[in-house]
Chemist: 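Take this structure first; my questions come after.
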Amino acid sequence: MNYRDTLNLPKTDFPMRANLSNREPGFIENWEKEKIYDKIRQSSKGKDVFVLHDGPPYANGNIHMGHALNKVLKDIIVKMKNMQGHDAPYIPGWDCHGLPIEHEVVKKLGKKAKEKTQDEIRKMCREYAAKFVELQKQDFKRLGVFADYDNPYLTMSHVYEAGIVKVFGELFKKGYIYKGLKPIHWCGNCKTALAEAEIEYNDSHVSPSIYVKFPIKNRDNEYILIWTTTPWTLPANVAVALHPDFEYVYLENNGEKYVVAKELSDGILKDTGLDLKIGSNVNTKELEDTSLEHPFIKDRDIKIIFGNHVTLEMGTGAVHTAPGHGQEDYVAGLKYNLPILSPVNDRAVFTSEAGEWEGMHVFKANESIMEKMTENGSLLYSSEYTHSYPKCWRCKKDVIFRATPQWFMQVEKDGLKEKAMTAIKDVKWVPSWGEVRMNNMLENRPDWCLSRQRAWGVPIPAFTCEKCGETYMTAESVDLFAEIVQEYGVDIWFTKDAKELLPKNAKCSKCGGEEFSKEKDILDVWFDSGVSHFCVLNERGISEIANIYLEGSDQYRGWFQSSLWPSVAIKSKPPYKEVITHGFMLDENGRAMSKSQGNVIPPMNIINKYGADILRLWVVSENYQDNIKLGDNLLKQVADAYKKIRFTLRFLMSNLYDYDNVKDRVAYQDFDDLCRWAVSRLAGVKEQVITDYNSYTFHKVFQKIHLFCVVDLSNFYLDIIKDCLYSDAKDSQKRRMHQTVLYDILVALTHLLAPILTFTCEEVYKVFFDEQGSVHTGVFPDFAEYEINEELNSDFEIISSMKEDVYRAIEQAKNNGIVGNNLESSVIVGTDEKEKIEVLKKYEDKLNEYVIVSGYSLTDTTTDDYYVAPNNFKIKVNKATGEKCERCWIFYDSVGTHDEHPTLCDRCYNVVVNDYS
RNA sequence: GGGACUGUAGCUCAGUCGGUAGAGCACUGUGCUGAUAACGCAGGGGUCACAAGUUCAAUCCUUGUCAGUCCCA
């Protein structure tokens, strides 16, 4: 008789090899067919609503690892909330307007772009965005992300566009919206505004380099010396900036004294070659209340201001400030309430405000202005300077900074900034330092410039009076436009005349004119996405605000803020209860991933090589709150951990092939100590894992489950019970008891891991539990009767440490030729630690099973020939007595006593005789 | 240059309310061949980024430096 056939060896159809990359698409197909998202919605109906609101990715290009990381994290949260008895919907969104798409479309058109109307270009942008929404959607599905893909939110949909206009209108009515001047990059040749992305840099641009004297009022022969490379901006000068902390000295020159930064004085001497003497220190505080004269404009009072933007890299430490012609100057100007002068028209030609230079192109005026200052003696020195200067991407001509009318949202009005800063204290920031970071950003935030001079976006519904040029926008006109957009989309702004978009009887408030033209500005796309909580959560009746926003840490400046301002202004509270951020993708060496570095890994490469579940497991294998590394070695490690989990699940299933959870289940009160311990550990792991899920520390979920699989299960419990599972009678109470435990562990792992290993857990569920159902409509198991038994836990820790020591002793015994393997051994164990021996005595008759040896006994009296092991147990290893049972491989004295089956022990004999004859 | 974060074994992470550190994986060796392209066991491996300060004592506190990352200028 072949006794092997009488064993209950594991059986399962669950494949060892996951073959994820090939098999995952099948699951996705199935989920689509079964409408898994709708099913989950149905099974969650009526439960507590929990909303993770999706920050819309930009509908341009294929997804990268940053998207994958972000979406998987969101998906894990949504799934684990659904599995904890919440109703957690997930509406995916896409950011569809904006320059990058317009840029791509125009670039593709090339020279033909000029022949196209704005309306035609917008149509192409819309198609372009729609295409990438579909592409990205497929990729997100491939990642196993569950979402309402049939009803996503697109910022270019008519409903959403109408929502944007409505929110803009609300803010306008509350008085937050105003029109002001702001310097922007401007190409005088193309007569157009340029965004940062439309600018190229010429590294070897040659500019004039001039030192100019600004006389200090009421101080004879004292000047502040400034340095600049743009003489043409001097007519717009209104201030000179000094650094509050730098030391300043006088440079003396034939009776004249020039204030400059001490550290730069040597550089100035070298640069100019002038024979200047470095004189005494200047108390700049005393200068605070005085002002300067302009070098060539009479009657202009030039303020002295202080700012940290002044550097010691170049110049004199005194910065010529023209808020109409420079970003930093503009910001400083806002702080000091300086006028914004910009006497330059759209062709970069001086206007009448520039006096004698009217009609002259600004670059040509440089020379003339320098001549003027040479004449009146205010130009100390001039030369040339080579540096990097911006030029237009289209015509390659040099660009200028020019103040233009722009639309703003006021952040100081009605204490909005203070309200926002207070509001964020009620938000839970994960990690907690997010609050500090946000707070610092809000504090220094200037008014939000909402307008862009572009085609692809939501128009700012403003009109200009044809007669007097006054801007026309009223509560009524904004409301009317929102209504029109609701029906036709914003494209109508570009196709209809002003008359058709204005309220009847619209009259200019200034001159009473009735003829208007449409303004051409569109809204900043950050406004589009910033109002998503209105346009999605409110408009769809999902919730007033979101439970969670989860994005990369760059969004403190971006979406978290663009969402916060309108929300606090209108709802008087933040749009989110919790804000979670994740770090950025780095390569294996901790370097940022970038095209230029060539270390970018597309998510599809990982999915095709390893599968989405491996990618998902990678997401939770590291702490995403910090930066997160990616590379082949890391993926290999994750793949190994995956295998361990998969094999554990498979082993559980394979030993349950003959188990029926209804018929064969053994009640908890009939469990032995080992099983009580096992379910105590299970209950502990379950509790910890749920805690870790709810604090969004997913890497701890992963580590705890992995550790449970490796240490508690694989190395200990499963190893011990194999003997019972295989060799005991199929129907024995003991075997059924262990199977009951295995079953519950399987249920627990399958569900607790489902938010992470979305595909694999579904595979387990369909193979083992219910081919028609889905693990994702289930909930985390409860196991109310399984208590965390601290006494058992600590007892088994002692048993475990004893087992370690015994194995060390057996290793030695093997080396000494006493035994060949563990089951050949019979061990005697003692220790000086009485408490430990007392614990062991409680389990004395089970310890041979737990240690997996043929003989085990405890002793109070150890002798010198005992091996003293690191955990302080003393052990003697002998060769087991009796013979090896052919069936169960354990050494028993009873082997040979049964004539019918001379190679079997008592237990196996009985099983074979009862069940197999 | 400013704001924020990170730096513990090859890797991913724990940890110490201040008393010179732990786990899993990987690695090496080994057993088994009834989880078998599996499974078990044993072993090696860290001046806790660097420097100074506080302290009887610092990886943990303070300051600075270096490296990496995000945002801003």
Side-chain angles (χ1 to χ4, degrees), chain A residues 3-12 14 16-17 243 307-313 327-328 331 431-441 443-445 552-558 561 581-593 618 620-623 625-629 631 633-641 643-644 646-655 697 699-700 702-711 713-716 718-720 722-723 725-727 803-812 814-815 819-824 852 869-870 887-889:
Chain A
Y3 294 123
R4 195 176 186 276
D5 297 336
T6 69
L7 291 166
N8 315 307
L9 292 181
K11 258 185 248 173
T12 179
F14 189 84
M16 200 153 181
R17 298 264 295 171
H243 196 286
N308 291 321
H309 65 285
V310 177
T311 69
L312 294 171
E313 272 166 41
Q327 182 57 30
E328 284 184 336
V331 174
S432 57
W433 49 255
E435 186 181 333
V436 178
R437 186 161 171 176
M438 194 59 162
N439 190 69
N440 292 351
M441 282 184 174
E443 206 167 13
N444 299 314
R445 155 112 219 187
S553 58
D554 54 337
Q555 297 304 328
Y556 287 107
R557 161 104 355 211
Q561 252 198 81
T581 56
H582 56 78
F584 277 74
M585 302 291 317
L586 306 177
D587 69 13
E588 241 162 4
N589 304 313
R591 301 273 164 182
M593 282 197 181
W618 162 79
V620 298
S621 73
E622 296 178 57
N623 181 358
Q625 292 177 10
D626 196 357
N627 288 329
I628 177 161
K629 290 189 213 167
N633 291 322
L634 285 156
L635 285 166
K636 256 185 82 186
Q637 187 178 330
V638 170
D640 282 344
K643 274 191 208 161
K644 186 72 202 185
R646 182 178 181 88
F647 293 153
T648 302
L649 293 168
R650 182 171 181 270
F651 183 76
L652 296 174
M653 283 184 275
S654 68
N655 282 291
T697 45
H699 66 289
K700 292 186 180 174
F702 165 71
Q703 294 216 334
K704 275 165 194 163
I705 289 183
H706 186 239
L707 206 62
F708 181 61
C709 287
V710 172
V711 177
L713 296 181
S714 213
N715 297 0
F716 196 76
L718 299 181
D719 203 27
I720 291 168
K722 274 181 212 166
D723 172 64
L725 291 171
Y726 299 169
S727 306
K803 188 174 173 178
E804 261 180 23
D805 275 359
V806 169
Y807 282 145
R808 288 183 180 119
I810 291 176
E811 282 297 306
Q812 287 208 333
K814 280 182 194 166
N815 290 338
V819 294
N821 64 57
N822 291 15
L823 279 176
E824 254 181 63
I852 317 180
R887 186 167 172 274
C888 72
W889 298 343

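In what follows, chains carry the letters A, B, and so on, assigned in the order in which the sequence lines appear, proteins first and then strands, with residues in each chain numbered from 1. Just the heavy atoms: all of them, side chains too, but no hydrogens, waters or symmetry mates, feed the values below. Quantities reported herein were computed from a predicted structural model and do not represent experimental measurements.
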Chemist: Quick check against the 3.5 Å criterion: does A:Asn627 have a side-chain atom that pairs as donor or acceptor with the backbone of A:Gly583?
Modeler: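 The answer is no, because no donor-acceptor pair under 3.5 Å joins these two groups.
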Chemist: Provide the distance between the two C1' atoms, one in B:rC13 and one in B:rC71, to the nearest whole Å.
Modeler: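 It comes out at 28 Å once rounded to the nearest Å.
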Chemist: Output yes when at least one side-chain N/O atom of A:Lys629 is less than 4.0 Å from OP1 or OP2 of B:rU6, else no.
Modeler: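 Looking at the OP1 and OP2 atoms of B:rU6, neither is under 4.0 Å from any side-chain N or O of A:Lys629.
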Chemist: For A:Glu443 and B:rG2, give me the distance from atom CD to atom P, rounded to whole Å.
Modeler: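 Taking CD of A:Glu443 and P of B:rG2, I get 17 Å after rounding.
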Chemist: Could you tell me how far B:rA23 sits from B:rA42 if I compare only their P atoms? Round to whole Å.
Modeler: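 Looking at atom P only, B:rA42 and B:rA23 are 12 Å apart.
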Chemist: Taking the P atom of each, how far is B:rG2 from B:rU8, in whole Å?
Modeler: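 So the two P atoms sit 26 Å from each other.
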Chemist: Looking at every non-hydrogen atom in both residues, tell me the closest pair between A:Arg646 and A:Arg17 and how far apart they are.
Modeler: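 Smallest interatomic distance, heavy atoms only, reads NH2-O, 3.9 Å.
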Chemist: Would you mind telling me which residue lines up with the more 5' stretch of RNA chain B, A:Gln703 or A:Asp723, judged by nearest nucleotide?
Modeler: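 So the residue in question is A:Gln703.
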Chemist: Is there a salt bridge (Lys or Arg N to Asp or Glu O under 4.0 Å) between A:Lys722 and A:Asp719? Walk through the geometry before answering.
Modeler: CA-CA 6 Å; A:Lys722 274 181 212 166; A:Asp719 203 27; 3.5 Å; yes
Chemist: Separation of A:Asn815 atom CG from B:rG31 atom C1', in whole Å?
Modeler: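 One finds 11 Å between C1' of B:rG31 and CG of A:Asn815, rounded.
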Chemist: Indicate, with a heavy-atom threshold strictly under 4.0 Å, whether A:Leu7 touches base, sugar-phosphate, or nothing.
Modeler: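 Contact class for A:Leu7: base.
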Chemist: Classify the nucleic acid contact of A:Ser621 as base, sugar-phosphate or nothing, counting any heavy atom under 4.0 Å across all strands shown.
Modeler: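 Sugar-phosphate: the residue A:Ser621, judged by heavy atoms under 4.0 Å, touches backbone atoms but no base.
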Chemist: Measure across A:Ser621 and A:Val638 and return the closest heavy-atom pair with its distance rounded to 0.1 Å.
Modeler: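 Looking at all heavy atoms of both residues, the shortest contact is OG-CG2, 3.7 Å.
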Chemist: Taking only the side-chain heavy atoms of A:Val710 (C-beta and beyond), determine which of B:rA35, B:rG34, B:rG24 contains the nearest atom.
Modeler: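 Nearest to the side-chain atoms of A:Val710, counting from C-beta on, is B:rG24.
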Chemist: How far, in whole Å, is B:rC27 from B:rG46 if one measures between their C1' atoms?
Modeler: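 Straight-line distance between the two C1' atoms is 16 Å.
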Chemist: From C-beta outward on A:Tyr726, which listed nucleotide comes closest to its side chain: B:rA4, B:rC39, B:rA35?
Modeler: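 Side chain of A:Tyr726 sits closest to B:rA35.
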Chemist: Using the P atom on both, measure B:rC50 against B:rC11 and round to a whole Å.
Modeler: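 Comparing P positions in B:rC50 and B:rC11 gives a spacing of 15 Å.
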Chemist: Parallel, tilted or perpendicular, judged at 30° and 60°: which one describes the rings of A:Tyr726 and A:Phe651?
Modeler: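 Rings of A:Tyr726 and A:Phe651: perpendicular, as their planes differ by over 60°.
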Chemist: Check A:Pro431 against A:Gln625 and note the closest heavy-atom contact, atom names and distance.
Modeler: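 Looking at all heavy atoms of both residues, the shortest contact is CB-OE1, 3.7 Å.
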Chemist: Give the nucleotide from the list B:rC39, B:rG3, B:rG34 with an atom nearest to the side chain of A:Asp719.
Modeler: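 Minimum distance to the A:Asp719 side chain belongs to B:rC39.
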Chemist: Regarding A:Val711, tell me which of base, sugar-phosphate or nothing describes its non-hydrogen contacts under 4.0 Å with the strands shown.
Modeler: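 Sugar-phosphate contact only - A:Val711 comes under 4.0 Å of backbone atoms but never of a base.
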Chemist: Whole angstroms only, please: what is the CZ-P distance between A:Phe702 and B:rC25?
Modeler: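 Rounding to the nearest Å, CZ of A:Phe702 and P of B:rC25 are 11 Å apart.
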Chemist: Could you work out the separation of B:rC61 and B:rG15 based on their P atoms and round it to a whole Å?
Modeler: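 That atom pair is separated by 14 Å.
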Chemist: Residues two or more places apart in sequence or in another chain: which of them pass side-chain contact (heavy atoms from CB on, under 4.5 Å) with A:Leu713?
Modeler: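 Counting only residues at least two positions away or on another chain, A:Leu713 forms a side-chain contact (heavy atoms from CB on, under 4.5 Å) with A:Thr648, A:Phe708, A:Tyr717, A:Leu718, A:Ile745, A:Leu749.
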Chemist: Of the candidate nucleotides B:rG34, B:rU36, B:rC13, which contains the atom at the shortest distance from the side chain of A:Arg4?
Modeler: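 That would be B:rG34.
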Chemist: On a heavy-atom basis, which atom in A:Tyr556 and which in A:Gly434 lie closest, and how many Å separate them?
Modeler: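 Smallest interatomic distance, heavy atoms only, reads OH-CA, 3.2 Å.
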Chemist: Is there a donor-acceptor contact under 3.5 Å from the side chain of A:Asn589 to the main chain of A:Arg591?
Modeler: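 Answer holds: no.
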Chemist: Would you mind classifying the nucleic acid contact of A:Glu622 as base, sugar-phosphate or nothing, using non-hydrogen atoms under 4.0 angstrom?
Modeler: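 Sugar-phosphate only.
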Chemist: Looking at A:Gln561, is its backbone amide N or carbonyl O close enough to the side chain of A:Arg445 to form a donor-acceptor pair, meaning the two atoms are under 3.5 Å apart?
Modeler: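 It does not hold such a pair.
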Chemist: Using atom names, set out every protein N or O paired with an N or O of nucleotides 42-46 of chain B below 3.5 Å, distance rounded to 0.1 Å.
Modeler:
{"unit_1": "B:rG43", "atom_1": "OP1", "unit_2": "A:Arg808", "atom_2": "NE", "d": "3.1"}

Chemist: What closest approach, in Å, do A:Lys814 and A:Asn822 show between heavy atoms, and which atom pair accounts for it?
Modeler: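 Looking at all heavy atoms of both residues, the closest pair is NZ-OD1, 3.5 Å.
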Chemist: At 4.0 Å (heavy atoms only), tell me whether A:Arg646 reaches a base, stays on the sugar-phosphate, or touches nothing.
Modeler: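 Answer is nothing: A:Arg646 stays at 4.0 Å or more from every strand.
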Chemist: Can you check the A:Phe647 CZ to B:rG24 P distance for me, whole Å?
Modeler: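 After rounding, the gap between these two atoms is 20 Å.
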Chemist: Provide the distance between the two P atoms, one in B:rU63 and one in B:rA26, to the nearest whole Å.
Modeler: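 Between the two P atoms, the distance is 41 Å.
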Chemist: Got A:Ile852 and A:Leu823 here, is their nearest side-chain heavy-atom distance under 4.5 Å?
Modeler: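 Contact flag for A:Ile852/A:Leu823 side chains = yes.
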Chemist: Rounding to the closest angstrom, what is the interatomic distance between B:rU12 and B:rA51 at atom C1'?
Modeler: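 To the nearest whole Å, 29 Å.
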Chemist: Please report the distance, rounded to the nearest Å, between CZ in A:Arg17 and P in B:rA38.
Modeler: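 Distance check: A:Arg17 CZ to B:rA38 P gives 9 Å.
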Chemist: Remember a base hit wins even if backbone is also touched, and classify A:Lys643 as base, sugar-phosphate or nothing at under 4.0 Å, heavy atoms.
Modeler: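 No contact.
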Chemist: Answer yes or no: does a side-chain N or O of A:Arg650 lie under 4.0 Å from OP1 or OP2 of B:rA35?
Modeler: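 A:Arg650 to B:rA35 OP1/OP2: no side-chain N or O under 4.0 Å.
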Chemist: Classify the nucleic acid contact of A:Ser714 as base, sugar-phosphate or nothing, counting any heavy atom under 4.0 Å across all strands shown.
Modeler: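 Counting heavy atoms under 4.0 Å across all strands, the contact made by A:Ser714 includes a base.
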Chemist: Kindly say if A:His699 contacts the phosphate of B:rA14, meaning a side-chain N or O under 4.0 Å from OP1 or OP2.
Modeler: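 It does, given that an N or O in the side chain of A:His699 lies less than 4.0 Å from OP1 or OP2 of B:rA14.
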Chemist: Hey, does A:Asn633 reach any base, or is it just sugar-phosphate, or nothing, if we go heavy atoms under 4.0 Å?
Modeler: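 Here A:Asn633 touches no strand at all.
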Chemist: What is the distance, to the nearest angstrom, from the CG atom on A:Asn822 to the P atom on B:rG31?
Modeler: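 A:Asn822 atom CG is separated from B:rG31 atom P by 12 Å.
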Chemist: To the side chain of A:Trp433, which of B:rC39, B:rC5, B:rU12 is closest?
Modeler: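 The listed nucleotide nearest to A:Trp433's side chain is B:rC5.
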Chemist: Establish, with yes or no, whether the OP1 or OP2 oxygen of B:rC41 is under 4.0 angstrom from a side-chain nitrogen or oxygen of A:Asn715.
Modeler: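 A:Asn715 to B:rC41 OP1/OP2: side-chain N or O found under 4.0 Å.
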Chemist: Across nucleotides 68-73 of chain B, 5' to 3', mark each nucleotide with B, S or - according to how protein heavy atoms within less than 4.0 Å reach it.
Modeler: SSBSSS
Chemist: State which residues pass ring-ring contact (aromatic ring centres under 6.0 Å, His included) with A:Phe716; sequence neighbours excluded, sorted by chain then number.
Modeler: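 Testing A:Phe716 for ring-ring contact (aromatic ring centres under 6.0 Å, His included), a comparison that skips the adjacent residues, returns A:Trp677.
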Chemist: Can you run through RNA chain B from 5' to 3' and write each base as (, ), [, ], | or . depending on how it pairs? Watson-Crick or G-U wobble, both distances under 3.5 Å.
Modeler: (((((((..((((........)))).(((((.......))))).....(((((.......)))))))))))).
Chemist: Using atom CZ of A:Phe14 as one end and atom P of B:rA35 as the other, report the distance to the nearest whole Å.
Modeler: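 Going from A:Phe14 (CZ) to B:rA35 (P), I get 18 Å.
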Chemist: How long is the line joining NE2 of A:His582 and C1' of B:rA4, in whole Å?
Modeler: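 About 17 Å, once rounded to whole Å.
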Chemist: Say whether, by atom type as modelled, one donor and one acceptor occur between the side chain of A:Trp618 and the main chain of A:Ala639 under 3.5 angstrom.
Modeler: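 Answer holds: no.
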Chemist: Please tabulate the protein-to-nucleotide N/O contacts below 3.5 Å involving nucleotides 8-10 of chain B, giving atom names and distances.
Modeler:
none

Chemist: State which of B:rA14, B:rA35, B:rG3 makes the closest approach to the side chain of A:Lys700.
Modeler: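 For the A:Lys700 side chain, the nearest candidate turns out to be B:rA14.
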Chemist: Carefully, step by step, assess A:Arg808 and A:Glu811 under the rule salt bridge (Lys or Arg N to Asp or Glu O under 4.0 Å).
Modeler: CA-CA 5 Å; A:Arg808 288 183 180 119; A:Glu811 282 297 306; over 6 Å; no
Chemist: More than 12 heavy atoms of other residues, nucleotides or ligands under 6.0 Å from NZ of A:Lys643: yes or no?
Modeler: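 No, not enclosed.
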Chemist: Taking 4.0 Å as the cut-off, does a side-chain nitrogen or oxygen of A:Lys636 come that near to OP1 or OP2 on B:rC25?
Modeler: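 So the side-chain polar atoms of A:Lys636 never come under 4.0 Å of the phosphate oxygens OP1 or OP2 of B:rC25.
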Chemist: Where do A:Thr12 and A:Met653 come nearest, in terms of heavy atoms and distance?
Modeler: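 Shortest heavy-atom separation between A:Thr12 and A:Met653 comes out as OG1-CB, 4.4 Å.
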